[in-house]
Amino acid sequence: MVKRAIPGAALPRERTLYALLTVVALAAHLFLVTRSWSAGQLSGHEFRQTQTALTTLFIQRENNFSLAYPTPVLGKPWSVPMEFPLYQWSVVAVDRLTHWPLVEAGRFVTLSCFYLTLPALFLLLGQLGLPPPSRLVGLCLTLTCPLYIFYSRAFLIESMALMFALWFTVSFVQTMRTRRIAWLTFTVLLGVAAGLAKVTTFLIWLAPAAAYGAYCVWVAWPRGTVPWKSLRQTLWWGAGCVALPLGTAYWWVKFADAIKARNQAAEFLTSAKMQAFNFGSWPMRFAGETWREFFQNWNHAIMPLGLMATIALAMLLLAKGTQGRLALAAAGFFLLPHLVFPRLFSWHDYYFYSNAVFWIIATTLVIHGISLSRRRWLAWPVLLIALGLQLNAYHQGFFPVQRQSGNGGSHLTDVLRDMTPRESVLIVAGDDWSSIIPYYAQRRALMVRSEHEQDWPQIDRAFGNLAKEDIAGLILIGAQRQNLKLIRRAVAAFDIDPALCLTYGDTDVYLSIYHRPNIVRRLQTDNPFTGIILAPQSTEASPTSAETTPSTQLKRVPESLWETIFKNVNPKPVLYNFAHNLDLFPLDGIEVMGAHPDATLWITPPEGATGISWEYGINPAAYEKAGDRTDGVDFIITEKQPDGTEREIYHRTLDPVRTPADRGLQTLVLPYQPSAGARLVFKTRPHQTYSYDWAYWRKIEIK
């Protein structure tokens, strides 16, 4: 007797062809995804990729594996946690294990997560009732999908989030079918990882899990011989799978919100403030422009629209059968996130990484449905045409972007990376809160958001938070080049040279008075950076404010002076200028610091300070000697505001020749509460002439 083939079952030769086709698709994917593998350019939504890369860079650099991890783009405090940093930690681990460049380590983690997703997809297709050859169809469609080639090499968390979410779904189905504790434990762990990796992806995949859970409830609903116990058990098993993952995801969102709220510049990123952006408005969900953007993303990132329309028509034709109904359900799960997160999916094609699998499952079910029909021979042409059109879409859209082989950034970021101190900070206006300049320059930054470019209270607060940082320069892009108020505030707060130093395209760069001379000298000697144009350089150093001249230029206090010359100054001073040599000398058995006019010392008061204590005087030799003597010295304290204004809070003239009370050590105890971002400036100035103005300071304390 001759055995008849089961309708729709693949013949042995077909099974071999499906396996070979999968091997070819896998090889093609690996070949394409590794093109320009070592390039430093993070092409494709560079805004988001550089943010993830910048976070990873500073976790690595600072060895900071705390949950309040650094994302240094919005000033201090530097932490602006978005997703749980499992992806970033993994990249740092790979980097340290292999010593690969950080970009290559990131791409390796992304690609590894994608490949680890494929077995879960294979199992999920099996749970839908597809035989192994048809499951391989799904893998082939995934491997040739433009989105899953291009973004499976990106410095993004998407593949890790999808990996956990898809494995969670597979494990959830197994848990509900087997009711075993081992599967429940596995499901809970995967759900926790998925919710922490990216909560939006987890929510998208909760939809099919919930649908299957509802199906299980319907089956267990008491009727006939089905008891209530079956329903209770089903509900408990289902709730047990999702309770901890949802609770953990909620905890992380609230934890991250609390960290973000500490920085007013980052408060807009809290979940409450982002709700309108993430979920959009009802009119947006059905607006023609929104759907045009959806279609554009589908066409270049998933599958050409003509092919998608053909697949959709086939679903309707097959709707009476199981495969057609399952395909329509998968298509529904593909469309659902568009309605939940319309703005995210219309603006960002990489967001489809989370749900394009649903469309691929629907397409796989359609091809399998064709193979069960009388025209089963059509399955192969449809599959091969789909694979070819997907690869062509990738070649036309993503490949020209991917093939860029540069190191990323620009000649400006090269200058900032190579010529500014590694621990210095950049202030950037005109690029919103993009991480592109900070990442390629490998510097922390205060990005002045577009809506804050004229918000002076906000800017003053942000500048005040950076009071103790080494600010390398101010970078102004586009229209912000004319923001003179911002320039003046930066000059006053951070000792930025008010003279333009260099330009690059539509960008002006003002540098710190401490770093500008060295950078200018290096660029004048050898400037290999195309497009970097030095502004005309003054022959004299530029003043930092109205009161300073080239001869009285302020200098940063080196740490070597903190425990020597300035050991009796608390907090440690940040800037100084003394007209004469810095020295300590004994006076009446007490060691004092010479402060002959003009002497200037800048100190950042501690938060919550309540008073100033200052011990000072004039050397008795200046007024007890015969002949010419001092005509008096002015001892002054001013408060320097972030906007450059200066308020005098203490001024006393010591004239010991004429006033006996002005002789000897003087002690000042002055109540004081610091303004936000302000600095105190201690000065000695001549009352009339500089002759014999032998002033000294014994102690300065602000507490």
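Small disclaimer: the values here were computed from a predicted structure and weren't measured.
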* Asked: Can you tell me if OH on Tyr250 sees more than 12 non-hydrogen neighbours from other groups inside 6.0 Å?
  -> no
* Cation-aromatic face contact Arg489/Phe463, 6.0 Å, 45 degrees -> no
* Apply side chain to side chain donor-acceptor pair (under 3.5 Å) to Asp432 and Ser434, showing your working. => CA-CA 6 Å; Asp432 203 21; Ser434 169; over 6 Å; no
* **Contact summary for Asp418 and Phe529, nearest pair of heavy atoms** => OD2-CZ, 4.2 Å
* With under 30° as parallel and over 60° as perpendicular, where do the rings of Trp694 and Tyr692 fit, or are they tilted in between? -> perpendicular
* Sub-4.5 Å side-chain heavy-atom contact between Asp598 and Pro686 -> yes
* Please assess Arg679 against Thr638 for the test side chain to side chain donor-acceptor pair (under 3.5 Å), listing each intermediate value before the final yes or no. => CA-CA 8 Å; Arg679 283 175 171 173; Thr638 63; over 6 Å; no
* To do: State whether the side chain of Ser79 and the backbone N or O of Tyr69 hold a donor-acceptor pair below 3.5 Å, judged by distance alone.
  => yes
* Flag for Asn407-Tyr440: side-chain donor and acceptor within less than 3.5 Å -> no
Could [X] and [Y] be called an ion pair, given the rule that one side-chain N must be under 4.0 Å from one carboxylate O?
{"X": "Glu469", "Y": "Arg443", "answer": "no"}
{"X": "Asp662", "Y": "Arg652", "answer": "yes"}
{"X": "Glu563", "Y": "Lys572", "answer": "yes"}
{"X": "Glu639", "Y": "Arg647", "answer": "yes"}

* For Arg698, which residues count as a salt bridge (charged side-chain N to carboxylate O under 4.0 Å, His left out) partner, sequence neighbours excluded? -> none
* Asked: Do Tyr672 and Trp614 have ring centres separated by under 6.0 Å?
  -> no
* To do: List in chain and number order the residues that pass side-chain contact (heavy atoms from CB on, under 4.5 Å) with Asn63, two or more places apart in sequence or in another chain; answer none if no residue qualifies.
  => Phe65, Arg96
* Structure fact -> Across all chains, not counting sequence neighbours, the ring pair (Phe, Tyr, Trp, His ring centres under 6.0 Å) partners of Phe47 are Trp433
